[in-house]
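Take a look at the structure set out below.
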There are 2 protein chains.
Amino acid sequence: MSNGVNLKELSQRLNLSQTTVSRALNGYPEVSEETRKRVSEMAAKLGYAPNSQARRLATGRAMAIGHVIPRSIHEMMNPIFLEFIAGAGETYSRHGYDMIISVVDDDHEEDAYRQIASRKKADGVIIHGPANEEHRHKLLKQLNLPFVVHGRIPGAEQETSWIDMNNRRAFERATNLLLDLGHTRIALLNGLEHMDFANRRRRGFEEALAARGLTPDPALMRSADMTEPFGCDNAMEMLKSDNPPTAFLISSMISAIGVARAVGQCGLTAGKDVSIITHDDALSFLPNSGEVPIFTCTRSSVRYAGEKAAELLLNMISNPASKPVSMHLDAELIIGQSTGPAPAASR
Amino acid sequence: MSNGVNLKELSQRLNLSQTTVSRALNGYPEVSEETRKRVSEMAAKLGYAPNSQARRLATGRAMAIGHVIPRSIHEMMNPIFLEFIAGAGETYSRHGYDMIISVVDDDHEEDAYRQIASRKKADGVIIHGPANEEHRHKLLKQLNLPFVVHGRIPGAEQETSWIDMNNRRAFERATNLLLDLGHTRIALLNGLEHMDFANRRRRGFEEALAARGLTPDPALMRSADMTEPFGCDNAMEMLKSDNPPTAFLISSMISAIGVARAVGQCGLTAGKDVSIITHDDALSFLPNSGEVPIFTCTRSSVRYAGEKAAELLLNMISNPASKPVSMHLDAELIIGQSTGPAPAASR
DNA sequence: ACCTCCATCCAAACCGCTTTGGATTTGGCC
DNA sequence: GGCCAAATCCAAAGCGGTTTGGATGGAGGT
C-alpha cells in the first residue's frame with residue numbers, strides 16, 4: 001500500500017486547484033514560494049507522481065527514444081549494441097527520457113518505424129549499423145521523425161546527424177604501424193563489408209598499403225560476422241598456408257581472441273612470431289587494459305558514442321529547426337603486447 | 001507527409017461516431033462486417049493508427065514491460081543480459097508490448113522501480129541477476145508491480161514467479177563427467193558468488209566431489225566477474241603452480257576462452273593435457289557449435305529463457321489472480337573437443 | 001478615495017482514445 | 001399488424017494530466 005494518489009486528490013487535500021498544484025510541481029513562476037513548499041511536501045507525503053501517459057498525452061511529447069533492432073542483428077553487433085545502449089540509456093534517464101527497444105523481424109523493420117511515428121511512441125530514434133546501401137534515413141525523413149545515425153550513411157553525410165569514429169583513419173594508422181615494424185604480408189579480418197564501418201576500414205587498410213606501393217593480397221582478406229571462430233579458423237588457415245601473413249589486422253576484440261587462439265595452437269607467440277592489431281570497442285567484459293594491454297589496438301569507446309548520440313538526438317528534438325550535426329571520434333592507437341617487428345626472412 | 005489523422009477525423013470522414021470506428025478497429029462484435037470493412041479500408045488509406053499515449057491512458061494499461069539495469073551491472077552479465085533482452089523483446093512485440101529499459105545509478109535502482117509503479121510506466125518488470133541477499137522482490141510486492149525473476153531468489157522460491165536453469169545440477173553433472181574421466185584436481189572458475197546462480201553452481205561442484213569422498217581444494221576455486229582475463233590469469237597461475245589442476249570447470253564461455261589462451265601459452269593442449277568444461281549461455285557471438293564443439297559444455301539458451309520469462313510475466317499481468325509460476329530449465333551436457341581422460345600420473 | 005498593477009489562484013478546455021448506457025432500426029414471429 | 005429481441009450505432013463521460021484565459025485581492029500611486 002503506497003501509491004494511488006492523482007492530481008485531483010492531491011489538490012483537494014491541499015484546498016488548491018489542479019492548476020496551481022501542477023504549476024507548483026513543475027516550477028512555474030506564478031505560484032508563491034510558500035504554497036509551492038506546501039504542495040511539494042504534501043506530494044512527497046502522499047507519494048504523488050504524475051501519471052506519465054496522461055502527461056505525455058497532454059504535452060504531446062512521448063518523452064521516449066526508440067531503438068529498433070532487427071531480430072537477426074548481425075552477431076558481431078550484439079555486444080557492441082548493448083554497450084552503446086548502456087551509454088545512451090544514461091543520457092536518456094538523466095534527461096527524463098525513456099528508452100524503448102523494439103526487437104523485430106527483419107522484414108518488419110520499416111513497419112516498426114512507421115508505428116513509432118504514427119502511434120507517437122517515441123520522439124526520435126537512433127539508426128544502428130548503417131549499410132552501404134541504406135534507406136532508413138529516407139523513411140524517417142518522410143515520417144518526420146528525428147534521428148541520429150550511429151555510423152555514417154554514405155552519400156548522406158551532409159543531410160543527416162551522425163556520430164561515428166574515424167574508421168578509415170584508424171585502420172590506416174594501424175596498418176602503417178605494422179608496415180613500420182617491417183610487416184608486408186598483413187591479413188585483414190574484417191566485419192561484413194556491406195556495412196559502412198567495415199567498408200571504411202578496408203579502405204584505410206588498402207590506402208595505407210598503396211601509399212607504400214603495396215597491393216593487398218586477396219587471399220589475406222576475409223570478411224564476415226566477427227565471431228571468435230571466424231578469427232580462429234581463418235587465422236589457422238592462413239598460418240598453415242604456404243605464404244603465411246606475419247601480421248593480422250582485425251576488426252573486433254572477439255575475433256582477435258580467436259586469432260590469438262589459433263596463433264597459440266600453431267605454437268607461435270603473438271608479438272614475436274606474429275603481430276596482431278585489433279580494433280577495441282572498449283567492451284566492459286573484454287577489458288584490454290593493464291599496464292601493457294594484451295592486444296595492440298585502435299580503441300574507441302562505443303559507450304561514449306552512445307552517450308553522445310543520445311545528446312545529439314535530444315538536442316535535435318528540443319530544437320527542431322537546427323541544422324544536422326555530426327561528431328567524428330578519433331580512435332586511440334594503443335601499443336600492447338601483441339605487436340613486434342616482423343620476423344627476419346622466415347623460411 | 002503521411003500521418004496526422006486521429007480518430008475524430010477518421011470518424012468524420014466516414015460519417016460514423018468515434019465509438020463505432022474504435023469498435024470496428026478493435027474487433028468488437030457490435031459492428032456490422034460491412035462497416036468494419038469500410039472503416040478499416042479508410043483507416044488504411046489515411047494511415048490512421050491510434051495514439052498510444054491516449055490509448056494507454058484510457059485503458060489504464062501501460063502496455064510496456066520495464067527492465068531496470070544498474071549502471072555498473074556486473075561485467076559478465078552484460079552480454080548475457082542482452083541475449084535475454086533479445087528473447088524477451090520478441091515475446092513483447094508479438095503481444096504488442098513495448099520494452100523499456102532504464103539504465104540507472106546503482107543507488108537509484110529502488111527509485112527506478114518506484115517511479116515505474118507510481119507513474120505507471122510499465123505493467124510489470126523483470127528482475128535480473130538475483131543475489132543471495134535479495135530485496136527487490138519485497139519492494140515490488142509492496143508496490144504491487146507484477147514481476148518475474150530471471151534466476152531464483154533464495155528463500156522466496158514459493159512466493160515468486162521465476163525462470164531459472166538448474167545450475168546446481170548442471171555443475172554437478174559436469175563435475176561428474178570430469179571425475180569419470182579420472183580427473184581429481186579440478187579447478188572451478190566461477191562467477192561472483194554473492195550471486196545466486198554462482199552460489200548454486202559452486203554447490204553442485206562441491207557436492208559432486210563430496211559424493212566421491214573428495215574435498216575441493218580452495219586454491220583451485222576462484223570467483224569474480226567472468227571476463228576473459230579472469231580466465232586467462234587464473235588458469236595461468238594455477239597451471240604454473242606446484243600442484244596444477246588437470247581440469248577446469250568454468251562458469252562462462254568468455255572466461256573459458258581466456259583459459260584456453262592460458263593453456264595454449266603453456267604449450268599444453270586442451271582435451272589432452274588439460275580438460276575444460278564451461279557453461280555456455282548460447283550467446284550468438286560466441287558460437288560453440290559445429291560437428292564437435294570446441295568446448296565441452298553445459299548449455300542453456302539465455303535467449304530462450306528471455307522468451308519464456310516474458311511469457312510468464314504477460315500471463316501474470318493478464319491474469320492477476322494467478323498463483324506464482326516457475327520454470328526450471330535443464331542444461332544440456334554437450335561433449336566437445338576440450339575434454340579427455342586425465343593424463344596418467346603427471347610428473 | 002480611486003485606480004492600476006502585480007501576485008496568486010482557479011474553472012474549464014483540451015490531448016485522443018475507450019467504454020458506458022442508451023437510442024434507433026431491423027427482423028422474426030405470433 | 002403489433003411486439004420483442006437482436007443488431008447497429010451514437011452521445012457523452014471518463015482516463016489524468018497541462019494550459020489558456022480570466023477572477024480575486026492587496027499594495028502602491030496620485
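In what follows, chains carry the letters A, B, and so on, assigned in the order in which the sequence lines appear, proteins first and then strands, with residues in each chain numbered from 1.
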Ignoring backbone atoms, establish whether B:N51 has a side-chain N or O less than 4.0 Å from OP1 or OP2 of C:dC15.
no
Given atom NZ of B:K121 and atom C1' of D:dG17, what is their separation to the nearest angstrom?
15 Å
Taking B:R55 as the fixed residue, which of B:L57, B:N51, B:T59 is the one that meets the side chain to side chain contact (heavy atoms under 4.5 Å, CB included) rule?
B:T59
Residue closer to the 5' end of DNA chain D, B:S17 versus B:T59 (nearest nucleotide):
B:S17
When the distance from CZ of B:R36 to C1' of D:dA7 is rounded to whole Å, what number comes out?
13 Å
Mind telling me whether B:F84 and B:H150 have parallel, tilted or perpendicular rings, with 30° and 60° as the class edges?
parallel
5'-most contact on DNA chain D: A:T19 or A:A54, nearest heavy atom basis?
A:A54
Students often get this wrong, so: under 4.0 angstrom with heavy atoms, is A:R23 touching a base, only sugar-phosphate, or nothing?
base
Quiz item: A:S22 side-chain donor-acceptor pair to D:dT19 base, under 3.5 Å:
no
Using a 4.0 Å heavy-atom cut-off across all strands, classify B:Q18 as base, sugar-phosphate, or nothing.
base
Would you say a side-chain N or O of B:S32 is under 4.0 Å from OP1 or OP2 of D:dT8?
no
Among C:dC10, D:dC9, C:dC17, which is the nearest nucleotide to the side chain of A:T20?
C:dC10
Whole-Å distance between D:dG16 C1' and A:L25 CG?
14 Å
Could you say whether B:A58 or A:E30 is positioned toward the 5' end of DNA chain C, judged by the nucleotide with the nearest heavy atom to each?
A:E30
Among B:E157, B:H137, B:M327, find the residue that satisfies the side chain to side chain contact (heavy atoms under 4.5 Å, CB included) test when tested with B:W162.
B:E157
note: B:L14, atom CG; D:dC10, atom C1'; distance rounded to Å ~ 14 Å
Is atom CZ of A:R119 surrounded by more than 12 heavy atoms (other residues, nucleotides or ligands) closer than 6.0 Å?
yes
How many whole angstroms separate atom OH of A:Y28 from atom P of C:dC6?
22 Å
What is the distance, rounded to the nearest whole Å, between atom CD of A:E34 and atom P of C:dT8?
10 Å
Which heavy atom of B:S161 sits nearest a heavy atom of B:P324, and at what distance?
OG-CA, 3.4 Å
Separation of atom CG in B:L16 from atom P in D:dA11, rounded to whole Å
10 Å
Of the options C:dC9, C:dC17, D:dG17, whose atoms approach the side-chain atoms of A:P50 most closely?
D:dG17
Sugar-phosphate only, base, or nothing, as touched by A:S52 at under 4.0 Å among non-hydrogen atoms
nothing
Whole-Å gap separating C1' (D:dG17) and CG (B:L57)
8 Å
